[in-house]
Number of protein chains: 2
Amino acid sequence: MHQVLIIEDDPAIRQVLRVLLEAENYRCIEADTALRAEIEARSHKPDVLLIDLGLPDGDGLTVIRRVRAWSPVPIVVLSARTMEEQKVAALDAGADDYVTKPFSAPELLARLRAALRRHVSGSAPTSLLQFGSLRVDLARREARGPEGEIHLTPLEFRVLGCLARHLGAIVMQRQLLREVWGPERLDDSRSLRVCIKNLRSKLEPDPRQPRYLI
Amino acid sequence: MHQVLIIEDDPAIRQVLRVLLEAENYRCIEADTALRAEIEARSHKPDVLLIDLGLPDGDGLTVIRRVRAWSPVPIVVLSARTMEEQKVAALDAGADDYVTKPFSAPELLARLRAALRRHVSGSAPTSLLQFGSLRVDLARREARGPEGEIHLTPLEFRVLGCLARHLGAIVMQRQLLREVWGPERLDDSRSLRVCIKNLRSKLEPDPRQPRYLI
DNA sequence: AGATTTCTTCACGCCGCCCTCACACCTGCT
DNA sequence: AGCAGGTGTGAGGGCGGCGTGAAGAAATCT
């Protein structure tokens, strides 16, 4: 379920967009000023920004540039202005797509899907992992399962962190050993094997048939 | 400097696009049919595809889908048709952007820049193969068929990867043996034969009459 | 310093991967 | 036909990597 941040000052249009998006099973957050837009973007980490140029305070372009400075989140611009400079400026400021009002609903939705599809590859480095009913916060060194807090050792956090940085991908033993144990013992997998075993016994529902640590 | 593959059957428009792009220091490759489009895309590995829908042979949509099956290269669609279904279909087929003729030169250039900018940042070397109803992700070591996950052994992934690097071409036994088994056993094809057999029995719809692993 | 947690080491059983082998087949050539 | 080179196939077995429990070092806490 994707989360959309709608940046739009006109309440009527906001309402239209919200209804349209929620009918497609998106969750919506709204912002009516440039300032709130950036706050919401930072706090909620939406999957895509849908922004109307021509906000009351400050230019919409500024929002694009400021968000782009710290996040690669896809940005779709919605604007009544058909002026070319506006389009070019928005795209060059970092926007991913530009839809002119009056827009057609199917087209807008298709462009949102395209923007979201592209982005799944490059997700932001978040320190919060989540498998099944498990939540692991690498930065705060906390792990919580269905039955309360789970204690992990420092070594286990470092191994998890290394795996999290390459989420979903294959991480070679060599790479783990280099990043966690140092480059001296590239071919001694004994400690690593035990560490993984312990992690599995702590995190996996059924340690004998692991689902997350493969 | 970036390389653009122009897919357009009308020579006049091709010329316009080429001049426009070369003035911006892009290098251009041209294709006037769907078939040539895919060949050029495979051989030249352009940084972005600029495709006109409505090619003489086959639908432009097919090109998009076929290219998208093996490459995440950005695709910008250019079309005279203003029909909504066309837009939505193209975007959902995997296109990244859609510009309607008559287009403005600055806007087209800005959209190309946006497409290119996205791709350099989020270029995960995803090696995704697709034959028929089969999808094989070499990086993540996953293979999925119509009936769920298919288990492949490490050796099988390496052989597939070697074949994938020369997709569609003939790969000599010698070359496979050198790249997968090492240069010692250039003339012992026994293991290779068994490995190919197993791959076929796992991937081919009818292993006795192979369609993909020839 | 003792206690406690954390990390490493070790030995052993198991499983799956890969190799090998023998044989059937196919195609072209003599 | 007979032969020769290359290929597809089923089965068996060696072997290395992985998981595991327990116990010994090392580090950290109090």
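Between the side chains of S189(A) and R193(A), at least one donor N or O lies within less than 3.5 Å of an accepting N or O.
In the set dC7(C), dC18(D), dT20(C), the nucleotide with an atom closest to the side chain of V194(B) is dT20(C). Taking the side chain of R208(A) as heavy atoms from C-beta on, and the options dT9(C), dG21(D), dT20(C), the nearest nucleotide is dG21(D). Across dG8(D), dG10(D), dT7(D), the shortest atom-to-atom separation from the side chain of R200(B) is found for dG8(D). Residue P154(A) places its side chain closer to dC7(C) than to any other of dC19(C), dT9(C), dC7(C).
Within a 6.0 Å sphere centred on CZ of R141(A), heavy atoms belonging to other residues, nucleotides or ligands number more than 12. At most 12 non-hydrogen atoms from other residues, nucleotides or ligands lie less than 6.0 angstrom from CD of Q209(A).
Taking atom CG of D187(B) as the reference point, atom P of dT7(D) lies 13 Å away to the nearest angstrom. The distance from atom CD of E156(B) to atom P of dG16(C) is 14 Å, rounded to the nearest whole Å. Protein atom CG of L177(B) is 14 Å distant from nucleotide atom C1' of dG6(D), rounded to whole Å. Atom-to-atom, CZ of R190(A) to P of dC10(C) comes out at 5 Å; the value is rounded to the nearest Å. Rounded to whole Å, atom P of dG6(D) lies 17 Å from atom CD1 of I196(B). Straight-line distance from the CZ atom of R193(B) to the C1' atom of dG5(D): 11 Å, rounded to whole Å. When rounded to the nearest whole Å, the span between NE2 of H151(B) and P of dC17(C) equals 4 Å. The distance from atom NZ of K197(A) to atom P of dT6(C) is 14 Å, rounded to the nearest whole Å.
Look at W181(B) and you'll find a side-chain N or O under 4.0 angstrom from OP1 or OP2 of dC19(C). In terms of phosphate contacts, S191(B) brings a side-chain nitrogen or oxygen within less than 4.0 Å of OP1 or OP2 of dC19(C). For the pair T153(A) and dT5(C), the criterion of a side-chain N or O lying under 4.0 Å from OP1 or OP2 is not met.
The line from CG of L203(B) to CZ of R211(B) is 12.5 Å long, rounded to the nearest 0.5 Å.
Ionic pairing of R158(A) and E156(A) is not present here: no N-O contact between side-chain nitrogen and carboxylate oxygen is shorter than 4.0 angstrom.
As judged by a 4.0 angstrom heavy-atom cut-off over every strand, D188(B) is placed among residues touching the sugar-phosphate backbone only. If you check every strand for non-hydrogen atoms under 4.0 Å, Q173(A) touches sugar and phosphate atoms only.
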